[in-house]
Amino acid sequence: MSAYPFAEIEKKWQRIWDEKKLFQTDISDADNKLYVLVMFPYPSGDRLHIGHWYNFGPTDTWARYKRMLGYNVFEPFGYDAFGLPAENYAIKMGVHPADSTAENIKKFREQMKAIGAMYDFSKEVNTSDPEYYKWTQWFFLMLFKNGLAYRKKAPVNWCPSCETVLANEQVHDGHCERCDTEVTKKDLAQWFFKITDYAEKLLEGHDRVNWPEKTITMQKNWIGRSEGAQINFTVADSQDTIQVFTTRPDTLWGVTYMVLAPEHPLVEKLVTDEQRKAVNDYVEQSRRVSDIDRTSTERVKTGVFLGAYAINPVNSEQVPIWIADYVLLTYGTGCVMAVPAHDTRDFAFATKYDLPIREVISPNGQPSGELQEAFTNVGVMINSGIFNGTRSDEGIGKVIAHLAEKGIGESKINYKLRDWLISRQRYWGAPIPVVYCDKCGIVALKEDDLPVLLPRDVVFKKGGESPLKSNPNFLNTTCPDCGGPAKREVDTMDTFVCSSWYYLRYPNHNLKTAAFDKETVNKWLPVDQYIGGAEHATMHLLYARFFTKVLYDLGFINFDEPFKNLFHQGVITREGNKMSKSRGNVVSPDKFIVDYGSDTFRMYMMFMGNYADGGDWSDDGIVGIDRFTNRVWRLMEMLQENPPSGNESEKSKELERVRHYTTKMVTNDLDRFNFNTAISRLMEMVNTIYSYVQDVPSNEQNKLVVSDAAETLLLLLAPFAPHLAEELWARTGHGDSIFNASWPIFDDMKTMKNTYQCVVQINGKVRANIEMEFDQPDVIVLETVLADERVIRHVDGKQILKKIVVKNKLVNLVVK
RNA sequence: GCGAGAGUGGCGGAACUGGCAGACGCGCUAGACUUAGGAUCUAGUACCUCCGGGUGUGGGGGUUCGACUCCCCCCUCUCGCACCA
């Protein structure tokens, strides 16, 4: 008997699959289509890491299973090839990003083939290819034409290390999502996509997708819809009005001061001469405070009086206007009406600066005297003019109606979601297809002018300006409208723009005339199963939905959600810790592929734990799977050397039952991505076949049952260990690929034993196990149970108070 | 601080709508085969035990004939959000 020669066999089948184009999907045939997609990776110079494998391996297992079920599976692969690492590498090592990226992709592809996945490599996409980014630019123009792309000057997030601006989503806890450097603010004119126009549609669509609840919640929180009112306060002795957004218009009579964000444009206008110095100092100081500090809830609130007063529109009271950095310019109107009695933040501020606190919502309708803290619950309105006595939750709507009638306010829905900042001051991205003309201003290029090619010749240097500016041939151009001299936009697009539509490109990756073919994508999309990390919840997954919805609204496609089903694989840890370069605990797959082969490696990853939870890597654990694959190999060898030739029917019954039972369990487990338990079931099946073959001489072994079990085993194993199963399939005389064979079916009746072990409990404690026929009347069951000597021992001399019989399962006797 | 999820042998992890806790694997113990074993095969393996049994799913209470599973309180860990007016 031999050891499984995985190295040679894996290579052999990868070659044959490739030659036979076994996994090239026929896109023209969309009947029974199944689009299975993994989030495409950035092709870094490092080798494939364990996270890649953990995303790709199990997904491929699932895709192969679906193929065997008869689906026309499309499992494409590509490269999210634009991005900072290549450019940083160019600065450091002098290698052009185009060259290093091409090199990396080549290496990546080789490694990807070693996984032995079912990818249709003939339909690869590469976002840095002009044939691809031409269409990324087309998307920009499409959004621009429809008023969904605009340029504006704004204080934006700036990463000093990456030397570029970042979208809000890319700032985590005030730090750069990519390099963890603390993010600062910069005033820059930048391009934005108007994703806020789609806030409502992005929320609505959540009901129509099968996504992890947690991811949907994250998107909902990120979009942050809140209902309330917009109310106008006039400024005393001035023409100016201050608009505020509030979710509590019912507390309007409790306003004792107003607060503007320090950066608010009105600050400069409203500040009085006496207060000017104090205000300027404060504004200056708050600019220096980082966002993390500024948004820390623990921080003591600070602020300065502007010197001006606002007039409360409902009672004409004059209230002082302050500025304070706990008010954010970017949310709502950048101004708040402060109601210290009913808002914890305003309460803290008012207490500190000795501002009046006026109760207008009371728990019982009576004044409560001096408040010790803000009362934020529902209560009864008091000190509120005509609304006195109204329940505060009902008051919200009534006050809004009242304000609307008087023309001083209206109902309003606000979102936390901000527009998506897409410009980046970097080279290695898709150029934004716009020019600046002295005469015509901002001019978008015509579709015929695309692609705007990235020039090869630029100076890579640090400094916070796009390297594209260094190439005069690129920079200087002519205006497509007037033909006069113009300068090109030198910023490039956020790589999330490239990845917002790649799933549309795969089915028609070669199309020259458009980004995608309407008919093709309408047939093949939405993606049936999308699998990737949870970290993209509020970035890629939100942007891609936005793109899809825009295309739908403009009539390009007939679906408005790109990913029907979404699954997030968990994270692999090492001794309970997250793997990271800085911890130095990263497990490289390479050594294990060499020692055990890719089938064993991928199967061990699936066996470690539940796919959604991830698992803890152990160098020792993989030997269990290695033994298993070898055990399968030896078992099949044994059956070939000593073929069963009898028709024994006693012991084979259990083997037959296990064959059906395993099929049922593995099928159910695969449907739910429960790879770990599916593999356990396969191990049990192998153990059962083994025992049978060892217990019964080959000339008695039931030839039909054994060959059915062995064949079923290979079919069930195929998605998990594709190379091994394919080889054994060929060795057992099959001419065609196992992946053209059908998934085995099971007979539910045959998964069950003839008898069951009836559990007998006495006072809830298990005292006996009695073998029993199914479906017997309770009386008979009890009779049998009470006759058992182990039961008698515990019941003797006692009174039976209660007899509980759970059919075909258990008996519980309550005795005293 | 708020929200969500989790806590099970020496280890990774199983357990469907409440019904034999610990499937499967690692490790460990003993045996078989071997010149050899880091190969393979067989058996055992939660803990305690006076061998009758007793105790066990983070801790404490509760519901139930019966709780890893449901309810309440507390502890720990992970993730997400974090002055959003």
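All chains are named by letter (A, B, ...) in the order of the sequence lines, taking the proteins before the strands, and each is independently numbered beginning at 1.
Legend: residues meeting ring-ring contact (aromatic ring centres under 6.0 Å, His included) with A:Tyr415, ordered by chain and number and at least two apart, are absent.
In this structure, A:Asp325 and A:Gln694 both approach RNA chain B, and ranking their closest nucleotides by distance from the 5' end singles out A:Gln694. When each of A:Ile625 and A:Arg248 is assigned the nucleotide of RNA chain B with its nearest heavy atom, A:Ile625 is the one assigned upstream, toward the 5' end.
One finds no salt bridge joining A:Glu410 and A:Lys412 here, because no Lys/Arg side-chain nitrogen approaches an Asp/Glu carboxylate oxygen to under 4.0 Å. A salt bridge does not link A:Arg574 to A:Asp616: none of the charged nitrogens lies less than 4.0 Å from a carboxylate oxygen.
The closest side-chain heavy-atom distance from A:His794 to A:Val791 is not below 4.5 Å. In this structure, A:His536 and A:Thr215 have side chains that are not in contact, with every pair of non-hydrogen atoms separated by 4.5 Å or more.
In this structure, A:Lys765 atom NZ and B:G66 atom C1' are separated by 11 Å, rounded to whole Å. As rounded to whole Å, 9 Å separates atom P of B:G66 from atom CG of A:Asn763. If you take OH of A:Tyr690 and C1' of B:C24, they are 17 Å apart, rounded to a whole angstrom. Here the P atom of nucleotide B:C83 and the CH2 atom of A:Trp322 are 22 Å apart, to the nearest Å. As a whole-Å value, the separation of A:Asn221 CG from B:G80 P is 13 Å. For A:Trp222 and B:C79, the CH2 to P distance is 18 Å, given to the nearest whole Å. The interatomic distance linking A:Arg631 (CZ) with B:C24 (P) rounds to 12 Å, in whole Å. A:Ile323 places its CD1 atom 19 Å from the P atom of B:C83, with the value rounded to the nearest Å.
Residue-level contact check: A:Thr247 touches the backbone only, with heavy atoms under 4.0 Å from sugar-phosphate atoms and none from bases. Among the protein residues, A:Ser226 comes within range of the sugar-phosphate backbone only, with heavy atoms under 4.0 Å from sugar or phosphate atoms but none that close to a base. Nucleic acid contact class of A:Val623 (heavy atoms, under 4.0 Å, all strands): sugar-phosphate only. Nucleic acid contact class of A:Asp620 (heavy atoms, under 4.0 Å, all strands): sugar-phosphate only. In this structure, A:Arg767 reaches the sugar-phosphate backbone alone: every heavy-atom distance under 4.0 Å involves primed, P, OP1 or OP2 atoms, never a base. Note on A:Lys802: only backbone sugar-phosphate atoms sit closer than 4.0 angstrom, heavy atoms only; bases stay farther off. Within the 4.0 angstrom heavy-atom criterion, no nucleotide atom of any strand lies near A:Glu213. At the heavy-atom level, A:Val814 lies under 4.0 Å from the strands shown only through sugar-phosphate atoms. Contacts of A:Asn414 with the nucleic acid, taken as non-hydrogen atoms under 4.0 Å apart, are absent. Counting any heavy atom pair closer than 4.0 Å across all strands shown, A:Gln761 reaches a base atom.
No hydrogens or angles were tested; on distance alone, nothing pairs the side chain of A:Lys803 with the base of B:C65 as donor and acceptor under 3.5 Å.
Between atom CG of residue A:Leu639 and atom CG of residue A:Leu713 there is a gap of 10.0 Å, rounded to the nearest 0.5 Å.
Proximity note for A:Ile804 (side chain, C-beta onward) versus B:C24, B:U40, B:C65: the nearest is B:C65. The listed nucleotides are B:G66, B:C20, B:A85; the one nearest the side chain of A:Asn769 is B:C20. Closest contact between the side chain of A:Thr246 and the listed nucleotides B:A23, B:A85, B:C20 involves B:A85. Counting only heavy atoms from C-beta on, A:Arg793 has its side chain closest to B:G52 among B:G52, B:C20, B:C24. When distances are taken from the side chain of A:Asn812 to each of B:C24, B:G66, B:C41, the shortest belongs to B:G66.
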Can A:Leu421 and A:Leu166 be said to form a side chain to side chain contact (heavy atoms under 4.5 Å, CB included), step by step? CA-CA 7 Å; A:Leu421 197 175; A:Leu166 299 172; over 6 Å; no

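At least one side-chain nitrogen or oxygen of A:Arg627 sits closer than 4.0 Å to the OP1 or OP2 atom of B:G27. Side-chain nitrogen and oxygen atoms of A:Arg634 include at least one within less than 4.0 Å of the OP1 or OP2 phosphate oxygen of B:C41.
Rounded to whole Å, the separation between the C1' atoms of B:U64 and B:G25 comes to 36 Å. Comparing B:C83 with B:G18, their C1' atoms sit 44 Å apart, to the nearest whole Å. Rounded to whole Å, the separation between the P atoms of B:C16 and B:C68 comes to 12 Å.
The salt bridge (Lys or Arg N to Asp or Glu O under 4.0 Å) analysis of residues 252-264 of chain A, with sequence neighbours excluded, yields the pairs A:Glu263-A:Arg294. Here ring pair (Phe, Tyr, Trp, His ring centres under 6.0 Å) pairs that include residues 663-686 of chain A, with residues two or more places apart or in two chains, are A:Trp62-A:Phe673, A:Phe567-A:Phe673, A:Tyr611-A:Phe675.
The environment of NZ in A:Lys753 is sparse: at most 12 heavy-atom neighbours from other residues, nucleotides or ligands sit within 6.0 Å.
None of A:Met606, A:Gln569, A:Arg602 except one satisfies the side-chain contact (heavy atoms from CB on, under 4.5 Å) rule with A:Tyr54; the exception is A:Gln569.
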Please set out all donor-acceptor pairs under 3.5 angstrom arising from side-chain atoms of residues 760-774 of chain A, sequence neighbours excluded.
| residue | atom | partner | partner atom | Å |
| --- | --- | --- | --- | --- |
| A:Asn763 | OD1 | A:Val815 | N | 2.9 |
| A:Asn763 | ND2 | A:Val815 | O | 3.4 |
| A:Glu771 | OE2 | A:Thr755 | OG1 | 2.9 |

Taking Watson-Crick and G-U wobble contacts under 3.5 angstrom, with | marking pairs to another strand and [ ] crossing pairs, the secondary structure of RNA chain B is written (((((((..(((......[....)))((((((.......))))))(((....)))..(((((..]....))))))))))))....

Counting primed atoms, P, OP1 and OP2 as sugar-phosphate and everything else as base, the B/S/- map of nucleotides 9-16 of chain B against protein heavy atoms under 4.0 Å is ---BSS--

